[in-house]
Every structure is written in structure tokens, then in C-alpha cells.
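Order of the sequence lines fixes the chain letters, A, B, ..., with proteins taken first and strands second; residue numbering starts at 1 for each chain.
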There are 2 protein chains.
Amino acid sequence: MKNRIRIERAILDITQADLAERINVSRQTINAIESNKYVPSTVLALKIARIFGKSVEEVFELEEND
Amino acid sequence: MKNRIRIERAILDITQADLAERINVSRQTINAIESNKYVPSTVLALKIARIFGKSVEEVFELEEND
DNA sequence: TACAAATGTAAAATAAACTTTACATTATAT
DNA sequence: ATATAATGTAAAGTTTATTTTACATTTGTA
């Protein structure tokens, strides 16, 4: 699965730590999701997308191997 | 988090086992997600929504406690 | 009513998400 | 060039997702 978190963060001009704080997870969790170390839960995906004002599909995209 | 899986399944007229097979998880996993025993990964949410022809937000909805 | 299909559920095992702490590297501004 | 902020990463620990097997209950149908 791919994601556009880094880009959306840049548009909002917020750091990984900012985003983490806004959805109540650790900064490392955001870093790990953003760099595809693991797949977030649906609750986190919904919260992240909501902060960006985008749908989950606009932020996270399935790939062939998923 | 709430979900509309049961309703969307009814619209498509498919069983939990059918849905499970289509996204390559066990039937128990679908049953557990559908009855809110746990929160699916974003990959599963995207696959489930795609089968229903709906967005993730149309199938899964955040609640206050999330 | 009886049979079959669908759903609910439970326990044990494994994999994966997430936290905390801590430190290293990279980028940015002064 | 130096200080500071941001990001990358790692290890250990806890919690949660997911699988497998198995059985019980409910629902639909002949």
C-alpha cells in the first residue's frame, strides 16, 4: 500500500510530531506509517485522512501485492 | 468505529464467507470486523470498500471514542 | 419437521501494530 | 559553522489483528 502522507503534510506544513499529536499516536507511529514500515489501522487512516481533508482513498492506495 | 458491512453485504447478496474469500481473509475475520470485535487494517478496509463500490468513509465511520 | 447454510463464538497460536526510550542523521536557520 | 528542529531508526515490551480448528446457534428452505 502506498500513501501520500508526506505530501499532504507538506501542504498543511505540519511535522510528523504535529500530526502524531493531533491523532494521539506517537511520532514514531507516524514515521513508520509514512515510510511504509507497517499498515495503520482503519481508525488511524480515517483520522489521518480527515486531518488532510481528503478521503482515505486519496491518502492511501492499494498496490498489486496487497 | 461503526461499519455498514452487513448492509452492504445484503445489497450485494453475499455471505460473510463469500466476502472473506474475495479479499483473502478467513470468514472469522469478516465476522469479527462486522460485529466490531476488532478494527481491520487499512488494507482490508480499502479492499472491503472496493468490493462494495463505496469509499472507506461510506463503509466505516469514526465515533466519539475513537 | 428436518436438513442445510449461514452466522456466532471460543481457544490457542502467530503476526503485526503501537508505545516508550534513546540515539543518530539530516535539514534549516542564525 | 553552529545550534536547533525534524526525521530516521532500533530494541524491548504490550496490545491487538488475524488464522486455524472446532463446535454451537440461528435462519432459511424442502
Carboxylate-amine/guanidinium proximity below 4.0 Å for B:R4 and B:E58: no
A:R9 and A:E34 ion-paired at < 4.0 Å: yes
Within this structure, what is the [atom1]-to-[atom2] distance between [X] and [N], rounded to whole angstrom?
X: A:L19; N: D:dT7; atom1: CG; atom2: P; result: 10 Å
X: A:Q16; N: C:dT19; atom1: CD; atom2: C1'; result: 16 Å
X: A:D13; N: C:dA27; atom1: CG; atom2: P; result: 17 Å
X: B:N36; N: C:dT9; atom1: CG; atom2: P; result: 12 Å
X: A:N31; N: C:dT19; atom1: CG; atom2: P; result: 13 Å
X: A:E34; N: D:dG8; atom1: CD; atom2: P; result: 6 Å
X: B:L12; N: C:dA6; atom1: CG; atom2: P; result: 15 Å
X: A:D66; N: C:dA16; atom1: CG; atom2: C1'; result: 15 Å

Taking every non-hydrogen atom, the tightest pair across B:L12 and B:I51: CD1-O, 3.6 Å
Over all atoms of both residues, closest heavy-atom pair of B:N3 and B:I33: ND2-O, 3.2 Å
Residues A:T42, B:M1; criterion side chain to side chain contact (heavy atoms under 4.5 Å, CB included); working and verdict: CA-CA 9 Å; A:T42 300; B:M1 193 184 61; 3.7 Å; yes
Annotated protein contacts, base or backbone, on nucleotides 14-30 of chain D with a non-hydrogen cut-off under 4.0 Å, one of B, S, - each: ---SBBBBB--------
B:L44 side chain near B:T29 side chain, heavy-atom distance below 4.5 Å: yes
